[in-house]
Structure formats: C-alpha cells, structure tokens
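The structure displayed is predicted, hence computed values, not measured ones. Letters A, B, ... are given to chains in the order of the sequence lines, protein chains preceding strands, and every chain is numbered from 1.
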Amino acid sequence: MCPKSKGTFYITTPIYYVNDVPHIGHAYTTVAADVLVRFKRLEGYQAFFLTGTDEHGQKVEKAAQERGVDPKVHCDEMVKRFQSLWRRLNISNDDFIRTTEDRHKKVVQKILQDLYDRGEIYQASYEGWYCIPCERFWTEKDLTEGKCPDCLREVVEISEKNYFFRMSQYQSWLIDHIEKNDRFILPPSRRNEILGFLQNPLEDLCISRPKKRLKWGIEIPFDPDYVTYVWFDALINYVSGIGYSSDNPRFSDFWPEAIHLIGKDILTTHTVYWPTMLRGIGLTPPKMVFAHGWWTVEGKKMSKSLQNVVEPNRLIDTYGVDALRYFLMREVPFGMDGDFSHATMVHRINSDLANDLGNLFSRALSMVIRYFDGIIPVPSSLQEIDLRLQESSAKVIAQLPGQMNDLAFNKALITLWEIVSASNKYVDETAPWSLAKEEKDRPRLATVLYQTLEALRIIALLLAPFMPTTAEKMWTHLGMESNLWEQNLEADGNWGGLKPGGKIVKPTPLFPRIDTTKMEKKI
RNA sequence: GGCGGUGUAGCUCAGUUGGUCAGAGCAUGCGGCUCAUAUCCGCAGUGUCCGGGGUUCAAAUCCCUGCACCGCCA
C-alpha cells in the first residue's frame with residue numbers, strides 16, 4: 001500500500017451475462033462504479049474496481065449450439081461487446097473477470113470442496129417443476145396456472161438428486177447482521193424488503209445442476225456428474241477477482257471494503273445467498289450492497305418486443321461519452337427508477353453543460369486570450385467578492401465526500417454546479433470587460449480573471465470522476481502541465497493551484513448546443 | 001391476500017425530533033449586461049402541502065379513515 005493512501009476501497013459491478021446485448025442498464029451500473037472509484041482515487045484511496053462477465057449456463061450453451069461453435073469460442077466473441085463498450089465509456093476498471101477463466105474456476109471449486117468437507121453441502125433428492133428458459137425450479141404452489149410464474153412458459157416435472165448448501169442455518173445470523181448494519185443494504189427501502197423477506201423461513205440453496213441437463217458450467221469437484229449452479233458460480237467472482245486463495249495480502253486489503261453495485265432485480269442473490277455463502281466459507285459479508293433503479297425509455301419499460309432497448313453505443317454516437325455519463329449520474333437519484341428521453345437528455349446538455357459550464361469556460365478563456373494574450377495573469381490583492389468565490393469552492397469540496405459516500409451522485413453534481421453558478425455570477429458582477437477599458441484597472445482585471453480560471457481548475461478537478469474527457473480538456477486548456485489523474489483532492493483542491501504565467505489554449509466549445517429542430521431527424 | 005412505501009407550485013422533487021416550512025431546480029413572464037456556445041446575471045409569480053375526521057395553543061409534519069399509485073413477498 002502506498003504511503004499517502006487514505007485506505008483501501010473495493011467496488012464491483014455485477015458480472016454481466018455474456019449473452020446479453022449491453023444496454024443502458026449495464027452502462028448505468030458500470031459508469032456509477034467508475035465515477036465512484038475515480039472519486040475515491042482522487043481522495044487518495046488505494047482503490048480496486050472489478051467488473052466482468054458471467055459466462056456459464058444454459059442460455060450460453062444453447063446459443064453456442066445454435067451457432068455450431070464451442071461455448072467458450074462463443075463467449076470469447078460476445079465478451080468483446082462489453083469490453084469495447086467499457087473502453088468507449090472510459091471505464092477505469094482494474095481487472096475484468098470472466099467466469100470461464102481458470103483463476104475463477106479454481107476458486108469456485110476450492111470453495112465447494114471446503115464447504116463439502118465441512119458438511120455445509122449435502123446431497124438430497126429434489127422434486128419440482130423446472131423452467132428451462134429461466135433455469136429455475138419451482139414448487140407446486142409457486143406455479144401460475146401450471147406455468148412458470150416468472151415467464152409464464154411451460155415447466156417440466158423433475159425429480160433428481162442435487163447438492164444443497166445449508167443456507168437456512170444462517171437465517172437468524174443474517175437478520176441480525178442486517179439489523180446491526182444499516183448501511184449494509186441500501187437504499188433503506190431495499191433493506192426493509194429483505195428484512196421482510198427474511199421473516200419467512202429460509203430454505204437451503206440448491207447449488208448443483210446435473211450434467212445430463214447442463215454441461216456448460218463449473219464441475220462440482222466431489223461429483224463429476226454435476227456442474228455448479230450459475231449464481232453460486234457467479235457471485236464468487238467478487239472474491240476470486242481480487243485474489244482469494246491466490247493472493248492473500250491483496251485479498252485481505254480489499255475484501256473488508258467491498259461495495260457491490262447492483263440492479264434492484266438481483267437484490268436477493270446479493271443480500272441473502274451471497275452473505276450466507278460467505279459466512280459458510282468463513283468470510284465477512286461485503287461492506288455494502290447498493291441496489292439502483294431501472295431506466296424506462298420515453299416513459300415505457302425497455303423490452304425487446306417494444307424494440308425500444310437503448311443501446312449505449314448509439315447514445316455515445318449521438319451525444320458523446322461525457323454527456324451520457326453526466327446524464328446518467330445527474331438525472332436520477334441513485335437508487336430510484338428513472339426515465340431516459342431524448343428531450344430530457346438534450347435539455348440537460350444544453351442548459352447544464354453548454355450554457356452553464358461550457359459557456360463559463362469559453363467566456364473566461366476568451367477574455368484571458370483577448371486581454372492577456374493567453375498568459376495566466378498574476379492576481380493582486382483580493383476583495384470580498386473574490387474571497388466569496390473561494391469560499392463557495394471550499395464549501396463544495398467539503399460537501400462532496402459525504403455525498404459520494406452515500407452514492408448520491410446527483411446531489412454531488414448539483415453541489416458541484418454551485419461553483420459553476422457562483423463563477424458565472426462572479427464574472428457578471430466583476431465585469432472584466434469593463435475593467436479592460438481602463439489601464440488603471442489592469443491589476444484588478446488580472447485578479448478577476450485569475451480567480452475565474454482558478455475556479456475552472458477546481459471545477460475540472462472535481463468533474464474528473466464524472467466526465468474524464470471533458471475534465472482533461474479543461475485541464476490542458478488551462479495550461480496545467482501536471483497529470484490530472486495524479487491529483488489529490490485535499491492538496492490540489494486548495495485555492496491557488498493555478499500557476500500565473502501558464503499559457504491558455506484557445507477554447508473550442510466543450511459542449512456545442514444541440515439544435516432541437518435538427519435533432520428530430522437524427523434520432 | 002400479507003408486509004412496506006408514496007401522494008407538496010405546469011414538471012421533477014427538498015421539507016430532521018409538530019411552531020418564519022410553504023421551498024429548490026426546470027419551464028413561464030419581465031428587466032439588465034455584452035466577455036462568451038443568442039450564452040450569463042437579476043426580479044416575479046402561481047400551490048385546498050390527495051379527500052375527510054381527530055389530537056394540540058400550534059400539523060405538510062402525529063393518530064384514524066377513504067381514494068390513488070408503487071415496491072417486495074405470496
């Protein structure tokens with residue numbers, strides 16, 4: 001661990017099902033994780049960010065079969081869609097784990113063997129109805145008119161032997177853990193849901209599938225006739241991905257700080273199955289599981305049949321990476337459902353990004369070029385109004401860490417925009433264009449423009465986790481020679497980091513306004 | 001059916017333990033500036049705080065009830 005580190009931080013996204021077409025929901029979780037981890041790095045934490053893909057199970061096996069290729073070959077191709085999207089979205093993950101990798105399979109098998117050896121796993125006969133597309137068993141009373149309650153498709157009656165994890169024994173421990181840790185499951189509404197769910201008896205978890213039905217999975221180490229249930233396999237990525245049983249120092253540094261970002265649809269697996277699995281293994285639960293909401297599109301639920309699935313690549317093509325990242329983080333409180341619409345997106349870009357931020361950047365740099373030949377001027381004595389600008393910046397910096405800890409990304413951005421507003425107001429009230437008319441006001445002009453540029457430097461610094469490309473552009477245009485990604489919030493967030501004498505680069509609009517009349521045709 | 005939640009300006013929502021709490025942003029209208037991406041700054045509103053009843057000196061805030069919507073489980 002590096003000496004200046006404030007501690008460790010570990011963030012994960014779910015591993016996405018490799019067969020899925022990446023949509024706005026995938027992008028949402030991953031961008032949120034990226035924003036958070038970038039902010040933590042800025043704060044000085046030694047951070048680790050893991051994402052990846054879930055590659056086993058019937059759907060992959062079937063899709064590969066239909067194409068006449070080996071499942072692994074199929075996965076190797078499909079995984080690229082996620083990997084390339086993350087590159088385009090500037091996702092700064094430290095690793096990418098695939099459940100078909102040896103490093104993962106080894107850990108899954110080791111855990112299974114350990115649990116089996118200690119009697120945490122037993123074999124029993126299972127009878128019930130099985131839904132093949134959902135890869136899920138249902139009991140008689142679960143069924144809806146004799147069909148799968150999830151997808152309403154036909155189910156088949158099956159009786160077979162399987163292996164079970166003794167999950168039920170951990171029920172009271174889990175309830176206790178949730179009650180004692182009010183930030184273990186967030187938002188609080190989800191925590192209540194799980195506590196409600198746990199008022200009913202918890203059953204043991206079936207963790208195997210017979211190979212005669214499914215071959216594409218991780219073989220159960222103590223019974224070659226079975227493969228591992230996909231969820232049991234998948235959840236383990238969170239520990240296999242940071243070196244459990246292979247890199248113990250790293251694992252023990254990061255695991256206690258683990259934060260899982262998930263969609264609300266996989267809450268139970270992450271807050272019931274996973275903590276009890278960890279308990280069985282002898283590991284502590286993750287520090288936090290945060291379930292975010294879902295996006296509707298133009299007011300409607302996304303679905304293949306409606307053909308309204310929003311492809312992030314398309315949005316990037318249309319609006320740009322940073323505008324998309326900004327929208328996702330700004331529009332909706334993390335944890336709530338939200339709606340994506342082109343009208344709202346354009347509105348956000350035009351008002352927040354083009355008018356408020358972009359125009360501030362543009363007007364400030366233009367004046368420095370016009371009045372000082374692009375050389376950052378030397379400030380002289382400060383007046384009350386100058387100090388007020390500094391104070392608003394300091395106030396924002398004081399608030400951000402707490403808001404980020406709460407994953408309140410939208411609040412953080414609203415707070416950050418207070419500096420943008422304060423700066424626009426500052427420029428307006430100090431009227432540098434008037435000062436430029438009188439030679440005697442030159443020192444005052446220098447001070448005003450320096451203060452404005454310095455506000456922009458701080459804005460760029462704080463914006464970096466949310467909009468990395470834009471922040472870098474601002475940084476270099478401000479003549480900053482240091483590496484933006486090596487800055488530290490505490491030290492570099494202080495007023496005065498901008499060095500007079502530096503050379504401003506002539507600005508181009510950070511975010512061109514979108515003409516809504518032309519926009520109609522484009523989308 | 002069980003458990004939980006929500007209902008506040010045109011829109012999206014803030015409103016700790018009941019007493020300047022009737023607010024913010026956006027949208028709208030008016031005024032100002034001209035450095036800037038016709039951008040920026042200022043000012044101005046509008047609300048039966050879902051309906052009804054109750055507790056209290058005092059309720060958007062607590063209790064009861066009705067309606068509407070949502071989530072989880074069944």
Side-chain angles (χ1 to χ4, degrees), chain A residues 138-144 149-150 185 187-203 263-269 271-272 291-294 296 299 301 323 327 330-333 335-341 343-372 374 385 403 408 410-411 413-418 420-437 441 445 448-449 451-453 455-456 470 473 477 504 506-516:
Chain A
W138 302 100
T139 60
E140 173 97 50
K141 61 180 179 177
D142 288 336
L143 302 180
T144 305
D150 256 13
I185 303 172
S189 54
R190 301 296 166 197
R191 176 173 180 262
N192 288 341
E193 273 179 24
I194 293 300
L195 283 171
F197 174 81
L198 287 171
Q199 277 167 14
N200 300 315
L202 193 58
E203 290 177 4
K264 62 182 184 179
D265 51 320
I266 51 176
L267 185 66
T268 308
T269 51
T271 57
V272 178
H292 65 68
W294 281 5
T296 52
K301 199 174 167 184
F327 181 87
R330 173 63 234 283
E331 186 62 17
V332 175
M336 301 277 101
D337 286 349
D339 182 58
F340 177 87
S341 81
T344 319
M345 177 90 197
V346 169
H347 186 259
R348 281 275 169 226
I349 291 173
N350 282 351
S351 74
D352 299 359
L353 300 181
N355 296 351
D356 292 349
L357 175 64
N359 186 56
L360 171 67
F361 180 74
S362 178
R363 69 198 301 208
L365 270 60
S366 296
M367 282 190 280
V368 175
I369 288 168
R370 180 184 292 208
Y371 305 138
F372 291 96
I385 192 171
Q403 293 172 328
N410 70 321
K411 281 189 188 169
L413 283 170
I414 290 168
T415 302
L416 173 46
W417 247 248
E418 286 173 17
V420 177
S421 296
S423 301
N424 270 321
K425 191 177 163 120
Y426 174 80
V427 171
D428 197 66
E429 290 177 346
T430 53
W433 53 90
S434 297
L435 297 171
K437 287 171 186 160
D441 289 330
L445 176 63
V448 163
L449 289 181
Q451 293 291 93
T452 309
L453 292 178
L456 278 165
T470 302
K473 184 174 174 186
H477 275 260
I504 291 297
K506 190 177 191 308
T508 53
L510 290 178
F511 297 93
R513 276 185 69 83
I514 297 171
D515 184 332
T516 47

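Summarising the geometry, the separation between CD1 on A/I185 and P on B/C72 is reported as 15 Å, rounded to the nearest angstrom. Per the geometry, CG belonging to A/N424 stands 14 Å off C1' belonging to B/U34, to the nearest Å. Between A/M367 atom CE and B/C33 atom P there is a gap of 17 Å when expressed in whole angstrom units. Atom CH2 of A/W433 is separated from atom P of B/G32 by 16 Å (rounded to the nearest Å). The distance between atom CZ of A/R513 and atom C1' of B/C40, rounded to the nearest whole Å, is 12 Å. If you measure from atom CD of A/E429 to atom P of B/C41, you get 10 Å, rounded to the nearest angstrom. Across the protein-nucleic acid pair, A/D428 atom CG and B/C43 atom C1' stand 14 Å apart, rounded to whole Å. Atom C1' of nucleotide B/C72 and atom CD of A/Q199 are separated by 12 Å, given to the nearest angstrom.
Pair assignment for B/G25: B/C11, on the basis of Watson-Crick or G-U wobble contacts that are both within less than 3.5 Å. Across every strand in view, B/U48 sits unpaired, with no contact that passes the Watson-Crick or G-U test at under 3.5 angstrom. Pair assignment for B/G18 gives none, since no Watson-Crick or G-U wobble pairing has each distance under 3.5 Å. The partner of B/C3 is B/G71, judged by Watson-Crick or G-U wobble contacts that both fall below 3.5 Å. B/G42 is paired with B/C30 under the Watson-Crick or G-U wobble criterion, all donor-acceptor distances under 3.5 Å.
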Collect all protein-nucleotide pairs involving nucleotides 22-26 of chain B in which both atoms are nitrogen or oxygen and the distance is under 3.5 Å.
unit_1: B/C26; atom_1: O3'; unit_2: A/H347; atom_2: NE2; d: 3.3
unit_1: B/C26; atom_1: O2'; unit_2: A/H347; atom_2: NE2; d: 3.4

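Comparing the C1' positions of B/U55 and B/C63 gives an interatomic distance of 7 Å, to the nearest angstrom. Taking atom P on both B/G31 and B/U37, the two are 25 Å apart, rounded to the nearest angstrom. Distance check on atom P: B/C13 versus B/A9 gives 11 Å, rounded to whole Å. Straight-line distance between the P atoms of B/G23 and B/C33: roughly 31 Å, to the nearest whole Å. Using atom P as the reference point in both B/U48 and B/U39, the two lie 34 Å apart (nearest Å). Taking the C1' atoms as reference points, B/G47 lies 8 Å from B/U8, given to the whole Å. Atom C1' of B/G51 sits at a distance of 46 Å from the matching atom of B/G32, rounded to the whole Å. Look at the C1' atom in both B/U16 and B/U61: the space between them is 11 Å, to the nearest Å.
Counting heavy-atom neighbours within 6.0 Å of A/E429 CD, excluding the residue itself, gives a total above 12. Taking a 6.0 Å sphere around NZ of A/K473, one finds it holds more than 12 heavy atoms contributed by other residues, nucleotides or ligands.
Base contact: A/L510 has a heavy atom under 4.0 Å from a base atom. Residue contacts shown for A/N200 are limited to sugar-phosphate atoms, with no base heavy atom under 4.0 Å away. Using a 4.0 Å heavy-atom criterion, one finds that A/F511 contacts the bases of the nucleic acid, with or without backbone contacts as well. Among the atoms of the strands shown, none is found under 4.0 Å from any heavy atom of A/G196.
Considering only side-chain atoms of A/R363, the nucleotide from B/G4, B/C40, B/U37 that sits closest is B/C40. Ranking B/A36, B/U39, B/C72 by closeness to the A/S366 side chain, first place goes to B/A36. Of all nucleotides listed (B/C73, B/G42, B/U39), B/C73 comes nearest to the side chain of A/F197. With B/G71, B/C35, B/U37 as the candidates, the nucleotide lying closest to the side chain of A/A354 is B/U37. When each of B/U34, B/G71, B/U37 is scored by its nearest atom to the side-chain atoms of A/E193, the top-ranked nucleotide is B/G71. Out of B/U37, B/C35, B/A36, the shortest distance to the side chain of A/N359 is found at B/A36.
Checking the phosphate oxygens (OP1, OP2) of B/G5, no side-chain nitrogen or oxygen of A/R190 falls inside 4.0 Å. Here A/K425 reaches the OP1 or OP2 of B/G42: one of its side-chain N or O atoms lies under 4.0 Å away.
Residues A/W433 and A/R370 have side chains not in contact (no heavy-atom distance under 4.5 Å, counting atoms from C-beta outward).
With hydrogens and angles ignored, the 3.5 Å screen pairs a side-chain donor or acceptor of A/N350 with a backbone N or O of A/I514. Of the possible donor and acceptor atoms, one in the side chain of A/T452 sits under 3.5 Å from a partner among the backbone N and O of A/V448.
Separating the CH2 atom in A/W294 from the CE atom in A/M336 is a distance of 15.0 Å, to the nearest 0.5 Å. If you take CZ on A/F511 and OG on A/S362, they are separated by 13.0 Å, rounding to the nearest 0.5 Å. Summarising the geometry, atom CG belonging to A/L445 is positioned 4.5 Å from atom CG belonging to A/L449; distances are rounded to the nearest 0.5 Å.
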Exercise. Go through the steps to decide whether A/D337 and A/T296 satisfy the test side-chain contact (heavy atoms from CB on, under 4.5 Å), and finish with yes or no.
Key: CA-CA 8 Å; A/D337 286 349; A/T296 52; over 6 Å; no
Practice problem: Tell me, with the steps shown, if A/T415 and A/Q403 meet side chain to side chain donor-acceptor pair (under 3.5 Å). | Solution: CA-CA 9 Å; A/T415 302; A/Q403 293 172 328; 3.0 Å; yes
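Place A/N350 and A/V427 on RNA chain B by their nearest nucleotides, and A/V427 ends up nearer the 5' end. Each of A/P512 and A/M336 lies near RNA chain B, and the nucleotide nearest A/M336 is the one positioned closer to the 5' end.
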